[in-house]
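To keep things clear, I will list the structure first and then write my remarks on it.
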Amino acid sequence: MAKKETKAELRARVDQVLAALDREYGTEYICYLNHETPWQLLIAVILSAQCTDARVNMVTADLFKKYDSVEKFAKADANELEKDIHSLGFFRMKAKNIISCCQDLMERFGGEVPKTIEELTSLAGVGRKTANVILGNIYNEPSIVVDTHVKRISKKLGFAKSEDPEKIEYELMKILPRDHWILWNIQIITLGRSICFARRPKCGECFLKDLCPSAQKTIS
DNA sequence: CTCCCGATAT
DNA sequence: ATATCAGGAG
């Protein structure tokens with residue numbers, strides 16, 4: 001049994017992990033959900049709950065042509081919207097939330113996507129994860145997005161211990177430098193999609209294997 | 001806590 | 001057959 005990692009050792013390992021992520025994936029703020037406007041990203045993220053981004057993109061390609069404004073979504077027929085997004089799962093709830101959300105955007109925010117976590121999470125279908133994606137990706141406001149990948153991989157790396165996404169958000173805020181918060185989301189999702197799968201992670205060929213407690217266990 | 005829910009990979 | 005997917009509401 002190895003000695004328990006000290007705080008100084010943990011900090012050093014965090015720095016090494018961040019450097020390795022930057023080397024491997026770069027430092028560009030990319031987005032896997034196709035969109036041209038803030039409101040399109042908001043809807044795409046709502047649709048992405050428990051569903052891969054690739055499938056969301058298949059639907060939004062046509063969806064954003066049919067509903068080309070917030071107002072169109074606000075006035076959409078629920079049954080018709082349900083059919084339009086059926087393949088993504090949770091289609092009844094998502095359709096209802098998107099219509100309600102866009103009505104709220106029209107009535108309370110002049111059709112614009114708000115810029116604070118409180119205003120964003122007051123919208124139907126928008127929780128902390130979705131709100132933080134908007135803050136980071138659209139408004140360049142440092143924020144931690146705790147989705148399934150960030151939760152799983154942050155815990156494997158020993159950077160978070162909680163099961164609660166909001167608590168993990170605060171754990172990561174303490175340990176990650178503020179200027180790397182937005183990048184963390186993007187880089188970890190990229191890692192989760194290509195190497196660190198939920199099912200059979202490819203620890204043997206992971207560039208973080210020497211820095212990851214979970215990989216050390218799996219390999220040896 | 002449960003429920004929402006289809007598509008895909010294994 | 002089962003686990004998983006850029007979660008959120010009641």
Side-chain angles (χ1 to χ4, degrees), chain A residues 21 25 28-35 38-64 78-105 113-114 117-139 141-156 160 162-169 172 176 181-203:
Chain A
L21 284 167
Y25 295 140
E28 199 183 339
Y29 292 173
I30 51 172
C31 183
Y32 291 110
L33 291 167
N34 296 153
H35 67 282
W39 65 264
Q40 286 183 346
L41 179 61
L42 180 62
I43 290 171
V45 181
I46 292 173
L47 288 172
S48 75
Q50 294 295 294
C51 170
T52 62
D53 50 357
R55 281 185 24 247
V56 173
N57 289 336
M58 285 186 235
V59 167
T60 53
D62 291 328
L63 192 71
F64 291 153
N79 287 63
E80 192 172 343
L81 184 54
E82 283 179 13
K83 286 177 189 168
D84 293 330
I85 66 173
H86 177 272
S87 66
L88 301 181
F90 297 158
F91 56 90
R92 291 190 192 85
M93 187 192 67
K94 285 175 181 175
K96 184 182 167 196
N97 283 341
I98 285 170
I99 291 171
S100 170
C101 174
C102 287
Q103 288 174 345
D104 245 16
L105 287 179
V113 178
I117 186 96
E118 292 80 10
E119 288 172 320
L120 283 163
T121 53
S122 77
L123 298 164
V126 180
R128 290 194 69 86
K129 179 259 176 178
T130 301
N132 281 325
V133 170
I134 298 299
L135 289 177
N137 213 304
I138 300 295
Y139 297 123
E141 178 73 22
S143 57
I144 303 272
V145 174
V146 183
D147 55 40
T148 181
H149 293 300
V150 170
K151 176 179 176 181
R152 180 179 74 255
I153 298 175
S154 297
K155 285 171 71 78
K156 281 190 178 188
S162 176
E163 280 297 314
D164 175 23
E166 186 167 347
K167 289 181 182 171
I168 292 175
E169 195 181 317
L172 290 174
L176 300 176
W181 288 1
I182 303 175
L183 266 181
W184 182 258
N185 316 329
I186 294 157
Q187 292 172 332
I188 293 303
I189 287 160
T190 306
L191 180 65
R193 287 161 48 111
S194 56
I195 298 171
C196 194
F197 307 124
R199 288 218 224 175
R200 282 170 46 211
K202 298 191 284 186
C203 295

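Being a predicted model, the structure only gives us computed values, none of them experimental. Chain A is the first sequence line, chain B the second, and so forth, proteins listed ahead of strands; every chain is numbered from 1.
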Checklist line | Interatomic distance, Met93(A) CE vs dA9(C) C1' [rounded to whole Å] | finding: 7 Å

Checklist line | Same-atom distance (P) from dC5(B) to dG10(C), integer angstrom | finding: 13 Å

Next item on the list: Rounded to the nearest angstrom, tell me the gap between atom CG in Leu88(A) and atom P in dG8(C).
Entry: 15 Å

Notebook entry, point to check: Any donor and acceptor pair, going by atom type alone, linking the side chain of Lys129(A) with main-chain N or O of Val145(A) inside 3.5 Å?
Noted result: no

Notebook entry, point to check: Under the criterion side chain to side chain contact (heavy atoms under 4.5 Å, CB included), which of Trp184(A), Tyr25(A), Tyr32(A) is the partner of Ile189(A)?
Noted result: Tyr32(A)

Margin query: From C-beta outward on Arg199(A), which listed nucleotide comes closest to its side chain: dG7(C), dC5(C), dA3(C)?
Written below: dA3(C)

Margin query: Looking at Asp147(A), is its backbone amide N or carbonyl O close enough to the side chain of Arg152(A) to form a donor-acceptor pair, meaning the two atoms are under 3.5 Å apart?
Written below: no

Note to self: Using a heavy-atom cut-off of 4.0 Å across all strands, would you classify Phe90(A) as base, sugar-phosphate, or nothing?
What the structure shows: base

Check: Salt bridge check: are Glu163(A) and Lys151(A) linked by an N-O gap of less than 4.0 Å?
Finding: yes

Notebook entry, point to check: Between which nucleotides of DNA chain B, read 5' to 3', does contact with chain A run, using atoms under 4.0 Å from its heavy atoms?
Noted result: dC4(B) to dT10(B)

Margin query: Within the 4.0 Å heavy-atom criterion, would you say Leu123(A) contacts the bases, only the backbone, or no part of the nucleic acid?
Written below: sugar-phosphate

Next item on the list: Would you classify Val56(A) as touching base, sugar-phosphate or nothing, given that sugar-phosphate means primed atoms plus P, OP1 and OP2, and contacts are heavy atoms under 4.0 Å?
Entry: nothing

Note to self: What I'd like to find out is whether the side chain of Arg128(A) reaches to under 4.5 Å of the side chain of Ile117(A), using heavy atoms alone.
What the structure shows: yes

Next item on the list: Report the residue (Asp53(A) or Asn97(A)) whose heavy-atom-nearest nucleotide on DNA chain C is the more 5′ of the two.
Entry: Asp53(A)

Check: Any idea how Phe64(A) and Trp39(A) line up, ring-wise: parallel (<30°), tilted (30 to 60°), or perpendicular (>60°)?
Finding: perpendicular

Notebook entry, point to check: Is there a side-chain polar atom (N or O) of Arg152(A) under 4.0 Å from OP1 or OP2 of dC5(C)?
Noted result: yes

Next item on the list: Check the distance between dG7(C)'s C1' and His149(A)'s NE2 and give it to me in whole angstrom.
Entry: 13 Å

Check: How long is the line joining CD of Glu169(A) and P of dG8(C), in whole Å?
Finding: 11 Å

Next item on the list: Quick one: label Val45(A) by what it contacts on the DNA or RNA (base, sugar-phosphate, nothing), any heavy atom closer than 4.0 Å.
Entry: nothing

Check: Rounding to the closest angstrom, what is the interatomic distance between dA6(C) and dT10(B) at atom P?
Finding: 14 Å

Notebook entry, point to check: Which of these nucleotides, dC5(C), dT2(C), dG8(C), is closest to any side-chain atom of Thr130(A)?
Noted result: dG8(C)

Next item on the list: Whole angstrom is fine here: how far is it from CZ in Arg193(A) over to C1' in dT4(C)?
Entry: 14 Å

Note to self: Rounding to an integer number of Å, can you tell me how far Tyr25(A) OH sits from dA6(C) P?
What the structure shows: 14 Å

Checklist line | Test item: Glu169(A) and Pro165(A) side chains (from C-beta on) under 4.5 Å apart, heavy atoms | finding: no

Check: Do the side chain of Ser100(A) and the main chain of Lys96(A) share a donor and acceptor less than 3.5 angstrom apart?
Finding: no

Next item on the list: Ignoring backbone atoms, test whether Thr148(A) places a side-chain nitrogen or oxygen under 4.0 Å from the OP1 or OP2 oxygen of dC5(C).
Entry: yes

Checklist line | Spacing of Leu41(A) atom CG relative to dG7(C) atom C1', expressed in whole Å | finding: 15 Å

Next item on the list: To the nearest Å, give me how far apart OH (Tyr32(A)) and P (dC5(C)) are.
Entry: 15 Å

